[in-house]
**Q** 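Let me give you the structure first, and then I'll get to my questions.
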Amino acid sequence: MKIAILGGTGPEGQGLGMRWAAAGHEVWIGSRQAERGAQVAGELNALLPASAPRVRGGDNLEVTEAAEVVVMAVPYQAQRPTLEAVAPALQGKLLISVVVPLQPPKVSHVWVPPAGSAAQEAQQQLGDSVPVVAAFQNVSAVLLKELDHVVECDVLICGDDRAGKEVAAQLSRDACLRGIDAGPLQNAVVVEGLTAMLIGINKRAKVKHAGIRITGLPDDF
């Protein structure tokens, strides 16, 4: 797939982009500034195996236009203006939201936005022509760039579009993670809130990679 990562210069976007490029996908790193997107793409290429497709970079609109699937990994406060800037290029494409509505300085406290979740706000803003799926919120960015490391965290996938959730599940597998259908988009409020809880757990335990695991599932789930 051709995957654009808006806000791909951040730790989460870089880690996911590396894993998807290593799996053979064409990855575009987006930023507000094209130069920054290109810079980070070059840094990731230096870390990837020579056999992996080259990561490319550009501004958020440019990479959205080039992609089939768009992943949004910007801070919550940047979500609305970012979507306003790329909305025309998003029409008919899948948007996977990694956004978590954290409210500094209390980022370990769960905060619920007016629409219920950041993903629901994105869906309301974009309308029905752009299916929104929430995924990857609970995966620590610390270990994603270590391609040989097994990340002990499941990806909880919420959405109202079945095909979109299947794409998110495939991208989870391609990143060496297990994707689990966690229900409709309205359930994203729970998944997003878990991130704030994990931040608090990391702080108290003095670690950086606490994650979520769903137990009791069959091996072929």
Side-chain angles (χ1 to χ4, degrees), residues 1-21 23-45 52-101 113 115 117-137 155 157-172 174-175 179 185 188 192:
M1 286 180 272
K2 296 180 179 180
I3 306 168
I5 307 177
L6 309 184
T9 57
E12 196 81 19
Q14 289 188 43
L16 290 171
M18 271 196 67
R19 290 200 170 221
W20 289 331
H25 295 292
E26 183 178 320
V27 175
W28 292 73
I29 297 295
S31 175
R32 287 178 297 176
Q33 298 179 331
E35 296 81 4
R36 176 61 176 157
Q39 175 190 345
V40 170
E43 293 170 357
L44 297 182
N45 285 328
R54 297 296 84 188
V55 177
R56 304 180 190 181
D59 63 46
N60 285 327
L61 179 59
E62 177 186 1
V63 303
T64 300
E65 290 173 338
E68 299 166 318
V69 176
V70 180
V71 177
M72 189 164 62
V74 301
Y76 172 71
Q77 290 75 12
Q79 173 174 285
R80 179 165 290 276
T82 300
L83 289 179
E84 287 176 353
V86 303
L90 266 175
Q91 298 305 305
K93 299 178 181 181
L94 171 66
L95 178 70
I96 299 177
S97 173
V98 189
V99 178
V100 175
S117 66
Q120 286 173 289
E121 287 189 340
Q123 186 68 84
Q124 290 180 4
Q125 183 177 351
L126 294 169
D128 295 338
S129 62
V130 181
V132 176
V133 170
F136 301 103
Q137 282 86 355
V155 177
I157 303 168
C158 300
D160 299 326
D161 185 85
R162 178 176 296 181
K165 289 200 285 188
E166 290 175 353
V167 170
Q170 181 61 57
L171 289 178
S172 299
D174 292 340
L185 193 63
E192 292 176 3

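None of the values given here were measured: they were computed from a predicted structure.
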**Q** With Q120, which residues qualify under side chain to side chain contact (heavy atoms under 4.5 Å, CB included), at least two apart?
**A** A115, S117, L185, Q186
**Q** Answer yes or no: does atom CD of Q124 have more than 12 heavy-atom neighbours from other residues, nucleotides or ligands under 6.0 Å?
**A**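 Enclosed.
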**Q** With sequence neighbours left out, write down each residue that passes side chain to side chain contact (heavy atoms under 4.5 Å, CB included) with A21, or none if nothing qualifies.
**A** V27, L48, V55
**Q** If you look at every heavy atom in A118 and P113, which pair is closest and at what distance?
**A**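 Looking at all heavy atoms of both residues, the shortest contact is N-CG, 3.8 Å.
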**Q** Which residues pass the side chain to side chain contact (heavy atoms under 4.5 Å, CB included) test with V167, not counting sequence neighbours?
**A**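 Side chain to side chain contact (heavy atoms under 4.5 Å, CB included) check on V167 returns M1, V69, L94, L171.
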**Q** Could you list all the salt bridge (charged side-chain N to carboxylate O under 4.0 Å, His left out) pairs where at least one residue sits in residues 158-172, not counting sequence neighbours?
**A**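 Of all non-adjacent pairs touching residues 158-172, those that pass salt bridge (charged side-chain N to carboxylate O under 4.0 Å, His left out) are K165-D181.
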**Q** Nearest 0.5 Å please: distance from the CG atom of D59 over to the CD atom of Q33.
**A** 10.0 Å
**Q** List the atom of A188, the atom of A119, and the distance in Å for their closest heavy-atom pair.
**A**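 Here A188 and A119 meet closest at CB-CB, 4.2 Å.
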**Q** Among I29, V70, L61, exactly one meets side-chain contact (heavy atoms from CB on, under 4.5 Å) together with L6. Which residue is that?
**A**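 That would be V70.
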**Q** Heavy atoms only: give me the nearest G57-V63 pair and the separation to one decimal.
**A** C-CG1, 4.4 Å
**Q** Excluding sequence neighbours, so at least two apart, what forms side-chain hydrogen bond (donor to acceptor under 3.5 Å, both in side chains) with D174?
**A** H25, Q170
**Q** Sequence neighbours excluded, which residues qualify as side-chain hydrogen bond (donor to acceptor under 3.5 Å, both in side chains) partners of S31?
**A**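 So S31 forms no side-chain hydrogen bond (donor to acceptor under 3.5 Å, both in side chains) with any residue.
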**Q** Does the side chain of Q39 come under 3.5 Å of the side chain of E35 through a donor N or O and an acceptor N or O?
**A**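 There is no such pair between these side chains.
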**Q** Going by side chain to side chain donor-acceptor pair (under 3.5 Å), name the pairs with one or both residues in residues 67-84, residues two or more places apart or in two chains.
**A**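 Matches after skipping sequence neighbours: Y76-E121.
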**Q** Residues two or more places apart in sequence or in another chain: which of them pass side-chain hydrogen bond (donor to acceptor under 3.5 Å, both in side chains) with E26?
**A** W28
**Q** Could I get the full list of side-chain hydrogen bond (donor to acceptor under 3.5 Å, both in side chains) partners for Q123, not counting sequence neighbours?
**A** none
**Q** Output the distance between atom OG (S97) and atom CG (L83), rounded to the nearest 0.5 Å.
**A**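 Here the interatomic distance stands at 8.5 Å.
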**Q** For I157 and A135, work out which heavy atoms get closest and say how close.
**A** CG1-CB, 4.1 Å
**Q** Got a sec, which residues hit side chain to side chain contact (heavy atoms under 4.5 Å, CB included) with A175, two or more places apart in sequence or on another chain?
**A**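 Partners of A175 under the side chain to side chain contact (heavy atoms under 4.5 Å, CB included) test: R19, W20, L177.
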**Q** Can you confirm whether R32 is buried at CZ, in the sense that more than 12 heavy atoms of other residues, nucleotides or ligands lie under 6.0 Å from that atom?
**A**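 Check fails, neighbour count at 12 or below.
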**Q** Only pairs under 3.5 Å count here: list side-chain donor-acceptor contacts from residues 85-93, not counting sequence neighbours, and write none if there are none.
**A**
{"unit_1": "Q91", "atom_1": "OE1", "unit_2": "S129", "atom_2": "OG", "d": "2.3"}
{"unit_1": "Q91", "atom_1": "NE2", "unit_2": "A87", "atom_2": "O", "d": "3.0"}
{"unit_1": "K93", "atom_1": "NZ", "unit_2": "T64", "atom_2": "O", "d": "2.7"}
{"unit_1": "K93", "atom_1": "NZ", "unit_2": "E65", "atom_2": "O", "d": "3.4"}
{"unit_1": "K93", "atom_1": "NZ", "unit_2": "A67", "atom_2": "O", "d": "2.9"}
{"unit_1": "K93", "atom_1": "NZ", "unit_2": "A89", "atom_2": "O", "d": "3.4"}

**Q** Of all the heavy-atom pairs spanning V98 and Q137, show the shortest one and how long it is.
**A** O-CG, 3.6 Å
**Q** Quick check: closest heavy atoms across L44 and M18, and the distance to 0.1 Å?
**A**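 Closest heavy-atom pair between L44 and M18: CD2-CG, 3.5 Å.
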